[in-house]
Amino acid sequence: MSSVINSVMTVFTTTEPLFLWLSGAALGLLVVATLIGAVLAYRVKTPAGRDTVRNLNARIRSWWVMVALFAAAMLLGSGVTLVLFALLSYLALREFITLTPTRRGDHAGLFLSFFVVVPLQYWLVGIGWYGLFSIFIPVYVFMALPSLSVLGADTTDFLTRTAKAQWGLMLAVYCTSHAPALLWLDIPGYNLPPALLLLYLMTVAQLSDVFQYVFGKLWGKTRLSPGISPSKTVEGLVGGGLTAIAIGTGLHVITPFSPLQAAAMSLFIVIAGFFGGFVLSAMKRDLGVKDWGTMIEGHGGVLDRLDSVVFSAPLFFHLTRYWFT
């Protein structure tokens, strides 16, 4: 218990003015969003408008919960944050596999994925073994899964089944695990807690999603690809992306980046996050579903909320590690 209290006090005392400013800003944004949602719910009368406002308010309520969870995890230390992301990976992988048909011959591989690969991948992240955690899933697990499945002697859709299991692990576990891996980066001259790098990634990636949704609803006319994601528009992408980049540039004070470097990093996060959402939308259309799950009100499943992170986290981690450590 004392170690947890010391961890909280270390984060708070080393970044007190910055922490208070960020907490106040986040709380203020949520309060403003909640008030706007309440006003819109009262004033909007059309059926289509009410559906949009209802969805927006559901998203805002979910954001209160998610912000509280992430804030608590980051304050309580790297170990708690790692466990939180491991749990998110487990839930996201469960959503992916639930929507992907499996057969009896896949059961051994699925057991390995859920109860060995997930905890082992995050253990490797937690001990900072970069050389192994960066290749464990895309090399060793990629070979182990078909090896286990072939022992079942079931060749029906063997390639498709194997590829789906591998993709599920790549998206839900491997890519996602790069987000908490930021906590173990040792950046010379950077005296703030590495947790702020994780906060930076999540803030830019998620705000890009939010502002793309808002800009798309308000001014979106040119649809990017109705067959893949009917709600995504050019106006939403440009307006939301530029807004997220501007916010990311302003948040350079919590990173080791200069304003120009922060703008470039934010650009990479926005672009990677967009393609993450786009690719996972294409997968959902192929599977014939609208959302990956129903766990998060207004957001669908866990993987629906992590879709921009699964592509942006590895890119942001490796760019930061290569250029700043």
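Predicted model, so just to flag it, every value in this text is computed and none were measured.
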Between S266 and Y200, do the side chains contain a donor N or O and an acceptor N or O under 3.5 Å apart? yes
Distance col, row I135:CD1 vs L124:CG, nearest 0.5 angstrom, shows 10.0 Å
Hey, does the side chain of Q121 reach the backbone of V173 with a donor-acceptor pair shorter than 3.5 angstrom? no
To the nearest 0.5 Å, what is the distance between CG on L192 and CG on L199? 11.5 Å
How long is the span from the OG atom in S312 to the CG atom in L201, to the nearest 0.5 Å? 5.0 Å
Taking atom types as modelled and ignoring hydrogens, do the side chains of Q212 and S208 form a donor-acceptor contact shorter than 3.5 angstrom? yes
Quick check, are the ring centers of Y190 and F324 under 6.0 angstrom apart? no
With a 4.5 Å cut-off on side-chain heavy atoms, are P194 and L182 touching? no
Side chains of T320 and F257: closer than 4.5 Å at any heavy-atom pair? yes
Is the closest side-chain heavy-atom distance between T162 and V150 below 4.5 Å? no
Is there side-chain contact between V310 and V279, with at least one heavy-atom pair below 4.5 Å? no
A205 versus S308, closest heavy-atom pair with distance: O-OG, 3.9 Å
Can you list every side-chain hydrogen bond (donor to acceptor under 3.5 Å, both in side chains) pair that touches residues 145-160, not counting sequence neighbours? R103-D154, D154-T156
Residue pair T325 / P188: nearest heavy atoms and the distance that separates them: CA-CD, 4.0 Å
Working for side-chain contact (heavy atoms from CB on, under 4.5 Å), residues L287 and F96: CA-CA 10 Å; L287 294 170; F96 190 96; 5.7 Å; no
For residues W184 and V83: do they belong to one hydrophobic cluster (side chain heavy atoms under 4.5 Å, members Ile, Leu, Val, Met, Phe, Trp, Tyr)? no
Do F111 and F115 have their ring centres less than 6.0 Å from each other? yes
Tell me, do F311 and L171 make a side-chain contact under 4.5 Å, heavy atoms counted? yes
Closest heavy-atom pair, A313 versus C175, reported as atoms and distance to 0.1 Å, is CB-O, 3.7 Å
Within-4.5 Å side-chain heavy-atom neighbours: P256 and Q261: no
Quick one: pull up CG in L185 and CG in L198 and give me the separation to the nearest 0.5 Å. 11.0 Å
Can you list the residues that meet the salt bridge (charged side-chain N to carboxylate O under 4.0 Å, His left out) rule with K284, with sequence neighbours excluded? D304
Taking all atoms of both residues into account, what is the closest heavy-atom pair of A172 and S89, and its distance? O-OG, 2.7 Å
Do W219 and F215 have ring centres separated by under 6.0 Å? yes
Within 45° of the axis and under 6.0 Å from the centre of the six-membered ring of F114, does NZ or CZ of R94 qualify? no
Is the shortest side-chain heavy-atom distance between L306 and V302 below 4.5 Å? yes
Could you check whether the rings of H318 and H178 sit parallel, tilted or perpendicular, using 30° and 60° as the cut-offs? tilted
Decide whether Y122 and S177 meet the rule of one side-chain donor and one side-chain acceptor closer than 3.5 Å. no
M170-L159 co-clustered via ILVMFWY side chain contacts under 4.5 Å: no
With a 4.5 Å cut-off on side-chain heavy-atom distances among I, L, V, M, F, W and Y, is there a chain of contacts connecting L260 to I271? no
Would L224 and V234 count as a side-chain contact (heavy atoms from CB on, under 4.5 Å) if you check the C-alpha gap in whole Å, the side-chain angles of each, and the deciding distance to 0.1 Å? CA-CA 6 Å; L224 280 165; V234 174; 3.7 Å; yes
Connected via hydrophobic side-chain network under 4.5 Å: L148 and F158: no
Does I228 offer a backbone N or O that forms a donor-acceptor pair with the side chain of R285 under 3.5 Å? yes
Residue pair A181 / F133: nearest heavy atoms and the distance that separates them: CB-CZ, 3.9 Å
Stepwise side-chain contact (heavy atoms from CB on, under 4.5 Å) check, I247 with T243: CA-CA 6 Å; I247 293 173; T243 302; 4.2 Å; yes
Would you compute the distance between atom CG of L315 and atom CD1 of I269 and round it to the nearest 0.5 angstrom? 8.0 Å
State whether the side chain of Q166 and the backbone N or O of F142 hold a donor-acceptor pair below 3.5 Å, judged by distance alone. yes
Would you call I245 and F268 a side-chain contact if the rule is heavy atoms closer than 4.5 Å? no
Are Y140 and L132 close enough, and set up right, to give a side-chain contact (heavy atoms from CB on, under 4.5 Å), and what steps lead you there? CA-CA 10 Å; Y140 299 112; L132 187 53; 4.0 Å; yes
Give the minimum heavy-atom separation between L303 and A92, together with the two atoms involved. CD1-CB, 3.9 Å
From M265 CE over to T255 OG1, what is the distance, rounded to the nearest 0.5 angstrom? 8.5 Å
